Amino acid sequence: MSKQPAPSGVSPREAEILALVGEHRSNAEIGAQLFISVRTVETHVSSLLRKLGAADRRALADLAAEPARPTHAPVALPAPLSRFIGRARERDALRGAVTGHRQVTAVGPGGVGKTRLVLAVAADLAGAFPDGVWFVDLVPVTDPAMVAAAVAAAVGLGEQQGRSIDDSVPAALADRRALLVLDNCEHVADGVAPFVERLLARCPQVSVLATSRARLMVPFEWVYHVPPLSLDGESDAVELFRDRAAAVGWTVEAAQVEQIADLCRKLDGVALAIELAAARLPTLGLDGLVAGLSDHLRLLVGGYRADDRHRSVRAMLDWSQALLTGDDLALLRRVAVFVSPFTAPAATAVAGFDPLAPGHVVDGLARLADQSLLSVIASAGGTRYRALETIRQYGIEQLTAAGEQEAALGRHLRWCLEAAEDLAASGKDGWRARFDAVADDLRAALSWAADRPGRRAEAHRLALLLGRLAFDRNLIGESQQRYEQAAALADDPAALRHAATVAACRMRGDDAYRLWRAAADAAGDTTDAARDLATATTTYFRKSGAFAQLPPRDEPAALLSRARQLAGDDPAAQAAVALADCATAGYASFAEQSEDAASRMMALAERAVELARRLDDPLAECGALFALTGAQRRAGDESAAAATARSRVELLDPLPLTPDVADELIDALLIATATGIAVGDLVAARRWGRRLRDLPLLAEAGHVATSRILMADALAGHATDVIAASGRFLDGWTQAGRPPARNLGPVAAAVAMVHDLQGDQAARDEWLAVLDQLGVTTQDRAGYHPAFEAIALLHHGKPALALERLDTPGAWRTGILMHWHVALRVEAAVLAGHPNAADLLTETRPIAAGNPIAGALLDRAAALLDGDKEGILATAGAFAAAGCPYQQTRTLLLAGAG
């Protein structure tokens, strides 16, 4: 993170957040890195927007890379570059509409001033929306399916694991009182309408204010037709012209007011046309302006080249074009293919072809900017240019009329391919900002190329690149979509495999299973198909908890049978089939619960490991080691399972974080942390848990990311860390919609224990309620809850009650806290004065052998039984070495009590 002096008025915490916004981190990613809640991040970002006068989140990111600057007037919306003129009646009417209706669409023709009006109204209403007013510019969005992604980017929200971005946004805003301003909806109305309908249904306190050339046709929509500027008396239109004329150094004399009023009437009071006209004053003067415009209006009306509401703007643009040289005309229409701000080198690559020489592009951009046909955007990444949307759409029309559309869009496609390849090959420094700057152009180029048979090969290549880039940017929903698109463009089974692994990272078991089967179909009767079918079978069992609905139980058996037939002598196919055998046997083994089943499971796992190692493929070996870890745990050999889990992580460490590696790494870290806890290696467990917590891919899934570190820290006794991380857990789970997740029960039980140790019974009860809300059954919690309860009961001096909790049959005998459970039971028996305490101690020693914490608990219990104060104190060092400061402190208290 780059270190810049904090701007005046910006707190140290805000400075940290500003730096991370500058790295294009989402709010969840920032919260994860700084160990604060997403809500807190949102509050700080809103404050920074106001304090620094940033137009939007992207502008705030640019500011983060610049030296400190003084603060500006508080503004939480895009800051207008010129004064807002008039519109008092419209402003009042639209403000009243937003106050009275949850979804308001400001409708009007291009250039009439919709955006400026809604920005003014949104600023007026900011105080009524305590959770934020968010502005989303939809101009760069060319794919209706990406509307939710644009909204998520504006509010700093990334995709949550197990939930699409379309679901993530409503989940994040579900309990917020906020105003969402969606600007320029008309070209993606098919995406905006369903998004808004879902948002309003799921977020009862969110309001939407949209601008569009046509209504959205959604329930509850209130349409406000934005009229042209008033033309009567001391009109708003004349005032706008005078203001913009003054901006270019032209003073309107009193004698000219009537002439200006007439000009504004001829322009129908359209704000954009008036502003463009005023910008021409230094070149043409008022008389030349009126004469030139009048001529073009006559031509326009005679030809009926546009519908009535667009005629004046089109006349203004036709006339503006007539004032340009041939080179500048060509440049203006060619750069219209860019949907996002572009650099001069990009414009040269796309627009610099006959008759426009590449060397003339840079000067041409400057001339177009001087004439207000392009806006100039200065940022930390360099100067960029952008055409207003109305001008850009006009340019596309002119490009088509000139017969240059295919050539310009083809060059834009090639430029996008080069940009994507450069991003894919580059390092991570500043990578996010560079991707964000071109992402919408990549999407637009792909959308265009995918519809042209002659461009399918290029579209396929770009879709693959965008799939990879989107994954690296943590846009994993889009990544899956792009890989599937690539597969459709070229009948590419490899792309389907990429899509399947991304779906697995997203915890979309149904999608992963479907895509592996599709890859097998695309591969035909080959050994590759055998691998795909076997992997689909493995996915069925390994990802069963991530399926919305599991297919029939006999289906994976049929897939595996077909995989065996196709595998032949191919080593990779045989290894995949062996792993699928393990998954199938593992499911049966846990259902059967017999020693013979456990032995079969171990034999299959060892064979899978042997076959995988012959391939010299770390990922294949990691999959096989997953099976071996399960077999070792099933056999009761927790030490071996922990060693296998550790070796699995070590195999993955040197590999780049591709989708298939990421899927394995998440699982490997989850299991390594669990087995570390099981054998009392809290130092390693906390190390693996922190790595899981800090994985960028899990930034939006805080409940998954913190699930293991919370348990390890709770058992170690790091109460402050537990309470801080538990906030992120709740944030992530809430944003995911608080889904049932029985596997997360130990987390809630661990946090409840920490609050119990601190004497906060209200917080303890709240977390026990979370345990219930996760859908945890009595049988589920029997594997871990007694141990957590016993630690708290022993802490409060209730050993008899602790012994009662622990001295019951249950799932703890195969759970990860088994060693903890039996050692705590001995301590409770000794402190409760149970007559069989000594026998229980003897019986338990072999069970907990090799676990340093359980061993220290037993040594302390033995010393307590003998009244050996020195022996009690001697265990303090063992707890310290094992990374368990809570038990170290408890040892000192017990020794003092003795």
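Counting begins at 1 with the first residue of the sequence. Because the structure is a prediction, the values reported are computed rather than measured.
Of all heavy-atom pairs between Leu858 and Ala823, the closest is CD2-CA, 3.9 Å. Taking both residues in full, the closest heavy atoms of Gly676 and Ala685 are given as C-CB, 4.0 Å, listed atom of the first, atom of the second, then distance. In this structure, Leu774 and Pro739 approach most closely via the heavy-atom pair CD2-O, 4.2 Å. Nearest approach of Pro659 to Thr501, heavy atoms of both residues: CB-OG1, 3.4 Å. Across Ala719 and Val754, no two heavy atoms sit closer than the pair CB-CG1, 3.8 Å. A pairwise comparison of heavy atoms in Arg686 and Ala716 identifies CD-CB, 4.3 Å as the closest pair.
Rounded to the nearest 0.5 angstrom, Glu621 CD and Arg613 CZ are separated by 4.5 Å. In this structure, CG in Leu892 is found 10.5 Å from CD1 in Ile872, a value given to the nearest 0.5 Å. Put simply, OG on Ser707 and CG on Asn743 are 7.5 Å apart, with the number rounded to the nearest 0.5 Å. With rounding to the nearest 0.5 angstrom, the OH atom of Tyr886 is 14.0 Å from the CG atom of Leu682. Atoms CG and CG, from Leu824 and Leu831 in turn, are 10.5 Å apart once rounded to the nearest 0.5 Å. Distance check: Ile791 CD1 to Leu715 CG gives 5.5 Å after rounding to the nearest 0.5 Å.
Residues Thr875 and Gln888 form no side-chain contact, since every pair of their non-hydrogen atoms from C-beta on lies 4.5 Å or further apart. Side-chain contact between Phe788 and Val751 is absent, with no heavy atoms from C-beta onward closer than 4.5 Å. You'll find the side chain of Ser168 reaches within 4.5 Å of the side chain of Leu157, heavy atoms only. No side-chain heavy atom of Leu841 sits under 4.5 Å from any side-chain heavy atom of Val830. Proximity of Leu692 to Ile709: side-chain heavy atoms (C-beta onward) are nowhere separated by under 4.5 Å. The shortest distance between side-chain heavy atoms of Leu625 and Leu651 falls below 4.5 Å. Side-chain contact between Thr889 and Phe879: absent, with no pair of heavy atoms (C-beta onward) separated by less than 4.5 Å. Using a 4.5 Å heavy-atom cutoff, the side chains of Met602 and Glu606 are in contact.
Counting only N and O atoms by type, the side chains of Arg508 and Gln480 include no donor and acceptor under 3.5 Å apart. Side-chain contact of Arg860 with Thr891: a donor-acceptor pair under 3.5 Å is present, judged by distance alone. Side chain to side chain, Thr777 and Asp780 meet the donor-acceptor criterion of an N or O pair below 3.5 Å. Residues Gln632 and Thr644 bring a donor and an acceptor atom of their side chains to less than 3.5 Å of each other. Side chains of Tyr784 and Glu789: no donor on one and acceptor on the other come within 3.5 Å.
At least one donor-acceptor pair closer than 3.5 Å links the side chain of Asp510 to the backbone N or O of Ala548. Using a distance-only test at 3.5 Å, with no hydrogens or angles considered, a donor-acceptor pair links the side chain of His821 to the main chain of Leu806. A donor-acceptor pair is defined here as one N or O able to donate and one able to accept, closer than 3.5 Å; such a pair exists between the side chain of Arg781 and the backbone of Val776. Put simply, the side chain of Asp756 never gets that close to the backbone of Gln761: no donor and acceptor are under 3.5 Å apart. Judged by distance alone, with hydrogens and angles left aside, the side-chain atoms of Thr808 form no donor-acceptor pair with the main-chain N or O of Glu804 at under 3.5 Å. Side-chain atoms of Asp721 do not come within 3.5 Å of backbone N or O of Asp713 as any donor-acceptor pair. At least one donor-acceptor pair under 3.5 Å links the side chain of Arg708 to the backbone N or O of Leu670. A donor-acceptor pair under 3.5 Å is formed between the side chain of Glu29 and the backbone N or O of Ser26. Of the possible polar contacts, none joining the Asn836 side chain to the Asp839 backbone as a donor-acceptor pair under 3.5 Å is found. Using modelled atom types, one side-chain atom of His795 and one backbone atom of Leu757 make a donor-acceptor pair closer than 3.5 Å.
Scored by the side chain to side chain contact (heavy atoms under 4.5 Å, CB included) test, Ala874 finds no partners at all (sequence neighbours excluded).
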| side-chain contact (heavy atoms from CB on, under 4.5 Å) evaluation trace for Arg693 with Val704 | CA-CA 8 Å; Arg693 177 198 66 193; Val704 179; over 6 Å; no
| task | Under the salt bridge (Lys or Arg N to Asp or Glu O under 4.0 Å) rule, what do Lys543 and Asp663 come out as? Steps first, then yes or no, please. | result | CA-CA 11 Å; Lys543 305 289 183 183; Asp663 181 39; 2.7 Å; yes
| message | Using the rule given for side-chain contact (heavy atoms from CB on, under 4.5 Å), can you reason through Thr658 versus Phe471, listing the C-alpha separation, both sets of side-chain angles and the distance that settles it, and then say yes or no? | response | CA-CA 8 Å; Thr658 57; Phe471 182 85; 5.8 Å; no
| message | Checking Asp581 against Thr537 for the side-chain contact (heavy atoms from CB on, under 4.5 Å) test, could you report, in this order, the C-alpha distance in whole Å, the side-chain angles of both residues, the deciding distance, and whether it holds? | response | CA-CA 9 Å; Asp581 282 333; Thr537 303; over 6 Å; no
| Is there a side-chain contact (heavy atoms from CB on, under 4.5 Å) between Glu827 and Arg890 once you walk through the steps? | CA-CA 12 Å; Glu827 179 174 310; Arg890 178 164 165 75; 2.9 Å; yes
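For CZ of Arg845, the number of neighbouring non-hydrogen atoms (other residues, nucleotides, ligands) closer than 6.0 Å is greater than 12.
A salt bridge links Arg648 with Asp667: the closest approach of a Lys/Arg side-chain nitrogen to an acidic carboxylate oxygen falls below 4.0 angstrom. Arg542 and Glu664 are joined by a salt bridge, as a carboxylate oxygen and a charged side-chain nitrogen come within less than 4.0 angstrom of each other.
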